[in-house]
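What follows is a set of notes on a single structure, which appears directly below.
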Amino acid sequence: QSINPNETLQTDFVTGGTLPAGDGSQIQYGSHLDGITQAGFTINQITPSNPNLRVDIKITALDVTGNEQGSDFFDGTATNPVNIISLKLSGQSGFASTITGDGTYDVAGNVDVTVSGLGTGIVTITGLDNITTVDITTASQMDRLTVTGVDANEGCDITEFHFSATTTNAHTEEVGS
């Protein structure tokens, strides 16, 4: 999916989605997934395509409080911000360690990536290169991830959204009394 400067790509993690032909008014799904604390995506291309360019993005993690369908899905679904506590960059803008604090990180010799907003629900990353996978970890569950192009000139193509959920055992039993 292509994101131009100032455009946002919204990804909701849901069950039972249907794919009818048509427009947003036909959005249907079962419910939002619970327990997701890790998610990510790959920046597959910077647009316009130029190997010397970098792109800047803003990532927002949210927990949706309802399961609006159809056109209501776009009309201000109630959400709660979820703090992003770390991120991992791999690929062209890769960094060997998990990033847990704001700062500037040397990712490829003389190429720097700057991270700000860790510990909040909105993280900005500047200076990302083509073919970079961005993985985030949140402090609590989320079920919506948005990526916004905040670069004044370059956009990017995003592919390969992925997530992992923590599943807890719902069965409890008294032991040893």
Side-chain angles (χ1 to χ4, degrees), residues 1-14 17 22-27 29 32 36 38-66 68-95 99 101-105 107-108 111-139 142-163:
Q1 181 65 48
S2 182
I3 301 174
N4 291 317
N6 300 312
E7 289 183 339
T8 298
L9 174 63
Q10 174 181 312
T11 302
D12 282 49
F13 302 105
V14 298
D23 60 25
S25 67
Q26 295 176 321
I27 291 175
Y29 58 93
H32 281 86
I36 297 172
Q38 296 179 322
F41 54 88
T42 299
I43 296 174
N44 194 40
Q45 177 181 341
I46 296 174
T47 54
S49 187
N50 180 331
N52 298 319
L53 297 178
R54 304 291 180 263
V55 70
D56 307 334
I57 60 171
K58 175 178 72 175
I59 304 168
T60 305
L62 301 161
D63 186 24
V64 179
T65 59
E68 283 79 2
Q69 309 284 315
S71 297
D72 292 337
F73 183 79
F74 300 106
D75 294 337
T77 303
T79 59
N80 295 310
V82 177
N83 289 344
I84 300 170
I85 57 173
S86 69
L87 62 90
K88 177 82 174 160
L89 302 174
S90 56
Q92 295 287 350
S93 291
F95 188 72
I99 298 171
D102 292 350
T104 300
Y105 298 88
V107 296
V111 177
D112 291 335
V113 169
T114 302
V115 176
S116 62
L118 278 170
T120 72
I122 302 172
V123 170
T124 302
I125 308 170
T126 62
L128 289 169
D129 203 351
N130 279 327
I131 319 300
T132 298
T133 299
V134 179
D135 291 304
I136 67 161
T137 300
T138 58
M142 67 162 176
D143 47 25
R144 177 176 290 166
L145 188 68
T146 66
V147 181
T148 303
V150 294
D151 195 295
N153 299 306
E154 282 72 51
C156 62
D157 292 347
I158 293 183
T159 61
E160 302 173 8
F161 266 89
H162 52 273
F163 68 91

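We find the CD1-CD1 distance between I136 and I59 to be 6.0 Å, quoted to the nearest 0.5 Å.
I43 is listed as a side-chain neighbour of I57, based on a closest heavy-atom distance under 4.5 Å. Using a 4.5 Å heavy-atom cutoff, the side chains of F41 and T133 are not in contact. For the pair I131/N44, a side-chain contact is recorded, criterion being any heavy-atom separation below 4.5 Å from C-beta on. Residues L118 and L87 form a side-chain contact, since some pair of their non-hydrogen atoms from C-beta on lies under 4.5 Å apart.
A side-chain donor-acceptor contact under 3.5 Å links D135 and H162.
Of the candidates D56, I125, V55, T8, V150 forms a side-chain contact (heavy atoms from CB on, under 4.5 Å) with just one, namely D56.
Scanning for salt bridge (charged side-chain N to carboxylate O under 4.0 Å, His left out) contacts around D12 gives R144, with sequence neighbours left out. Residues satisfying the side chain to side chain donor-acceptor pair (under 3.5 Å) criterion with T65, sequence neighbours excluded, are absent altogether.
Between the side chain of N4 and the backbone N or O of G155 there is no donor-acceptor pair closer than 3.5 Å.
Around atom NZ of K58, no more than 12 heavy atoms belonging to other residues, nucleotides or ligands sit under 6.0 Å away.
Within the structure, side chain to side chain donor-acceptor pair (under 3.5 Å) pairs that include any residue of residues 152-161 comprise S2-D157, T42-E160 (at least two apart or interchain).
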